[in-house]
Amino acid sequence: MKTVEHQDRAHALLSASGAHRWMHCTPSARLEAQFPDSSSEAAKEGTLAHEIAEAKTLNYFNPEEYNKEWLNKRLAELKVGELYSPEMDGFTDAYRDYCRASALEWENAPHVGVEQKLDLSTFVPGGFGTADCIMIGDQKLRVIDLKYGKGVPVEAEANPQLMLYALGAYEHYKMLYDIQEVEISIFQPRIDNTSSWKMHLSTLLDFGGVVRERAALAIKGKGDATPGNWCRFCRARAQCRARAEKNVAFAFKSHDSPELMTLDEIGGYLERGEDVARWLKDLQEYALSQCLAGHEVAGWKAVEGRGSRDWTDQEKAFRRLEEHGIDEAMLYERKPLSLAQTEKLVGKKDFADTVGDLVVKKPGKPTLVPESDKRTAITNVTTAAEAFKN
Ligand code: SF4
């Protein structure tokens, strides 16, 4: 096993992480290759978390080569950046523990690969990827992926990125191990999401056939541009004509009758309207960047926003105010950190151990979410059972 320079993980044109998009919309890979791949703060934070997680899992699974001393040195190197926070330690500990618990479930200790480089070119031209953790033995293959994002919960079921990693791992190990069952797992600690999906090897290989066909089109930029929820991660999303046409058609579509929409229609509008709103935002951001770059966007221009005031020297200003009779106590307020800030400062585990019993969960404001959301639906309607309970 060897450590991976995560920031140097090159991206293939048909990357495994983009498979959900280019499998649905095959021309997207070539289209988006024209736009720069800028790395966000969140992505950099995710990279750091992966590096810390890698060091901890290497130390757990291969302590002879990656001993305690090596681990401490590696962690000290990684924890210097401002992207590091103590909660990252808790989340990466939880990931290592998840991998450890998974390995202990096997009847015979599995072969474990940490940050395993995988050649995916049997299925995807020029394709390669890096699986966070794979385990093989007892006729099983398991792929575990750490997701450090905290936006949308990622599901393992039919997840093309993990299925591609599983295919790569299968190709790599099929001569050495008899693999019949495959399990793919997502571990997303920041939003308490773990998701696993098991399949027979034949399902994985069927997927391999489909992905090979889609990849053959995608590498040539062929096929129909097909907008969908995968557009949101496409770098061509602001300028893509297919997406614009779909959203314009939807946004300006009107019916003659009847005068009032049904709840079914409203549900449909809300669902499809989500992408219209996203698309409009993408267009605004893109047009602003073009105006700032000196290009003319018909009918629009960039101006300075409202701005805000700030001290040039706050200490000096406060001193002067005190000299003018303003009491120091009136100039400062002492505010406790919010619960979330405190948890971030202390780390999730220590927070739970120390003050977990002093935390109460208050119900949130009712929110409208798609039906697929895992939370239980609520209503204000009192049922007969509740009304007569007392
Ligand atoms: S924005 Fe959507 S439809 Fe357009 S190329 Fe990208 S994925 Fe395809």
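Start at 1 and go down the list; that is how both ligands and their atoms are numbered.
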request  = Report yes or no: is the cationic atom of Arg100 (NZ for Lys, CZ for Arg) under 6.0 Å from the centre of the six-membered ring of Tyr60, at an angle within 45° of the ring normal?
outcome  =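 Cation-pi check for Arg100 and Tyr60: passes.
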
inquiry  = Would Arg190 pass as a cation-pi partner of Tyr148, given that its NZ or CZ must be under 6.0 Å from the six-membered ring centre and within 45 degrees of the axis?
reply    =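 Arg190 over Tyr148 ring: yes.
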
key: Near atom 4 (Fe) of ligand 1 (cut-off under 2.8 Å), count of protein N, O or S atoms   =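 My tally for this metal is 1.
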
task = Considering the heavy atoms of Arg21, write down every atom of ligand 1 situated less than 4.0 Å from one of them.
result =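 Per the distance check, 7 (S).
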
inquiry  = Can you name the atoms of ligand 1, numbered from 1 with element, that are less than 4.0 Å from a heavy atom of Trp230?
reply    =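 Near Trp230, the atoms of ligand 1 are 7 (S).
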
query = What part of His24, side chain from CB on, backbone N/CA/C/O, both or neither, has a heavy atom under 4.0 Å from ligand 1?
reply =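 His24 to ligand 1: no contact under 4.0 Å from either part.
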
ask   = Sequence neighbours excluded, which residues qualify as ring pair (Phe, Tyr, Trp, His ring centres under 6.0 Å) partners of Phe351?
value =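 So Phe351 forms no ring pair (Phe, Tyr, Trp, His ring centres under 6.0 Å) with any residue.
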
request  = Return the set of residues passing ring pair (Phe, Tyr, Trp, His ring centres under 6.0 Å) with Trp197 (not counting sequence neighbours), or none when no residue passes.
outcome  =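 If we apply the ring pair (Phe, Tyr, Trp, His ring centres under 6.0 Å) test to Trp197, skipping adjacent residues, there are no hits.
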
query = Taking Ser15 for the side chain and Gly18 for the main chain, is one N or O donor matched with an acceptor at less than 3.5 Å?
reply =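 Looks like yes, one N/O pair under 3.5 Å.
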
key: Sub-6.0 Å ring centroid separation between Phe233 and His20   =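 Here the rings of His20 and Phe233 have centres that are no less than 6.0 Å from each other.
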
Donor-acceptor contacts, no H, no angles, side chain residues 307-336, under 3.5 Å, sequence neighbours left out:
| unit_1 | atom_1 | unit_2 | atom_2 | d |
| --- | --- | --- | --- | --- |
| Asp313 | OD1 | Glu315 | N | 3.3 |
| Asp313 | OD1 | Lys316 | N | 3.1 |
| His324 | ND1 | Arg320 | O | 3.0 |

